[in-house]
2 protein chains.
Amino acid sequence: MGIIRKTESVELLLKEFHDTETALSTIELIKRLGKRINKTTIYRVLSKLEEDGVLHSFLGFDGVKWFARCKSHTQVQISDIHPHFQCISCGKTECLDIKVDIPKLVNREVLLSQFIIKGKCNLCVA
Amino acid sequence: MGIIRKTESVELLLKEFHDTETALSTIELIKRLGKRINKTTIYRVLSKLEEDGVLHSFLGFDGVKWFARCKSHTQVQISDIHPHFQCISCGKTECLDIKVDIPKLVNREVLLSQFIIKGKCNLCVA
DNA sequence: CTTATATTTGCAACTTAGTTGTAATAACTA
DNA sequence: TAGTTATTACAACTAAGTTGCAAATATAAG
Ligand SMILES: [Zn+2]
Ligand SMILES: [Zn+2]
Ligand SMILES: [Zn+2]
Ligand SMILES: [Zn+2]
């Protein structure tokens with residue numbers, strides 16, 4: 001796990017991600033762990049884990065940052081990019097294990113992309 | 001143009017969008033017009049114009065809101081959705097006139113999606 | 001043109017996600 | 001065990017965006 005030290009903050013945060021299949025927002029993590037870990041630390045550990053390729057992040061429709069486990073546990077490559085889904089009813093936000101074609105753009109260099117889909121999840125469709 | 005009144009704020013904002021082909025961020029608009037229009041008014045007029053189908057909006061990689069003219073001048077439909085491109089060198093942000101396939105998701109209802117691409121624009125590729 | 005009504009505006013104060021600096025603390029190394 | 005370096009908490013800050021309200025202005029009615 002790279003240069004990161006095994007501190008209580010790191011282990012508490014990793015536990016949250018190992019206990020769920022979905023993504024977790026910074027807001028949610030501060031709600032859950034804010035009494036045991038300072039929010040600054042939460043933000044900093046999350047970035048470290050992202051740098052280390054343990055987590056990846058994306059912005060939800062509300063502009064809030066979400067994190068999720070990386071399946072491959074390596075730095076996120078452009079080829080790894082997958083869409084994310086946010087449920088408007090229950091708030092569940094998750095990685096979609098689908099490949100999306102990043103359009104070829106003439107005269108432009110594509111470096112990164114984000115595809116986010118909003119709707120009703122499997123549990124919330126009527 | 002719906003129920004919106006022809007006020008100076010509306011006309012100044014519309015002029016900005018008619019003078020450019022690219023998208024404009026709220027930040028940029030406040031920078032340009034903040035001395036003539038209060039920022040609260042800028043935010044409120046932008047939402048009105050979006051409700052009216054004159055503009056559409058999306059979030060940039062930084063979480064800042066961007067607005068751009070709608071080509072069709074009708075409420076944004078799911079079929080109208082197009083990707084947006086943000087240049088990391090010059091900051092130019094624009095609509096891409098490309099169709100993206102929104103993947104069919106089993107057991108889920110798709111309501112909205114956003115596809116944003118980051119890279120170097122035609123003027124900034126070396 | 002004047003008045004009435006409804007929308008829009010500016011202002012100040014607020015909310016909220018996220019960041020910064022720093023001194024103290026804890027993890028790792030030799 | 002002692003030294004070095006990374007990590008932490010805390011408080012203060014930044015910045016995008018929102019809210020409530022009284023004053024101003026656009027439009028409609030007379
Ligand atoms: Zn749901
Ligand atoms: Zn993901
Ligand atoms: Zn550029
Ligand atoms: Zn667009």
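Here the structure is a predicted model, which means the values were calculated and not measured. Each chain gets a letter, A, B and so on, in the order the sequences are listed, and its residues count up from 1.
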**Request:** Answer yes or no: is there a side-chain heavy-atom contact under 4.5 Å between B:L105 and A:F85?
**Result:** yes
**Prompt:** Would you call A:L24 and A:E16 a side-chain contact if the rule is heavy atoms closer than 4.5 Å?
**Reply:**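 In short, these two side chains touch, coming nearer than 4.5 Å.
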**Prompt:** Quick one: do the A:S57 and A:E50 side chains pair a donor with an acceptor below 3.5 Å?
**Reply:**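 Yes, a side-chain donor-acceptor pair sits under 3.5 Å.
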**Message:** Does either side chain, that of B:K120 or that of A:N107, offer a donor lying less than 3.5 Å from an acceptor on the other one?
**Reply:**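 Side chains of B:K120 and A:N107: no pair found under 3.5 Å.
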**Request:** Can you measure from CD (A:Q86) to CG (B:L111) and round to the nearest 0.5 angstrom?
**Result:** 12.0 Å
**Rounded distance (nearest 0.5 Å) linking atom CG of B:L55 with atom CG of B:L13** = 8.5 Å
Over how many whole Å does the gap from [X] atom [atom1] to [N] atom [atom2] extend?
X	N	atom1	atom2	answer
A:K48	D:dT8	NZ	C1'	11 Å
A:L49	D:dT7	CG	C1'	13 Å
B:E11	C:dT9	CD	C1'	15 Å
B:N38	C:dT7	CG	P	21 Å
B:L59	D:dA15	CG	P	19 Å
B:E8	C:dT8	CD	C1'	13 Å
B:D62	D:dA15	CG	P	14 Å
A:K31	C:dG18	NZ	P	13 Å

Can [X] and [Y] be counted as an ion pair, charged N to O under 4.0 angstrom?
X	Y	result
B:E28	B:R32	yes
A:K48	A:D52	no
B:R108	A:E94	yes

**Prompt:** Counting any heavy atom closer than 4.0 Å, what does B:I30 reach on the DNA or RNA strands: base, sugar-phosphate only, or nothing?
**Reply:**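 Here B:I30 touches no strand at all.
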Using nucleotides 18-21 of chain D, report all nitrogen or oxygen pairs with the protein that are shorter than 3.5 Å.
from   : atom 1 : to    : atom 2 : distance (Å)
D:dT19 : O4     : B:T40 : OG1    : 3.4
D:dG20 : O6     : B:R44 : NH2    : 3.3

Taking N or O atoms only and anything under 3.5 Å, show me the protein contacts with nucleotides 27-30 of chain D, one pair per line.
from   : atom 1 : to   : atom 2 : distance (Å)
D:dT27 : OP1    : B:K6 : N      : 3.3

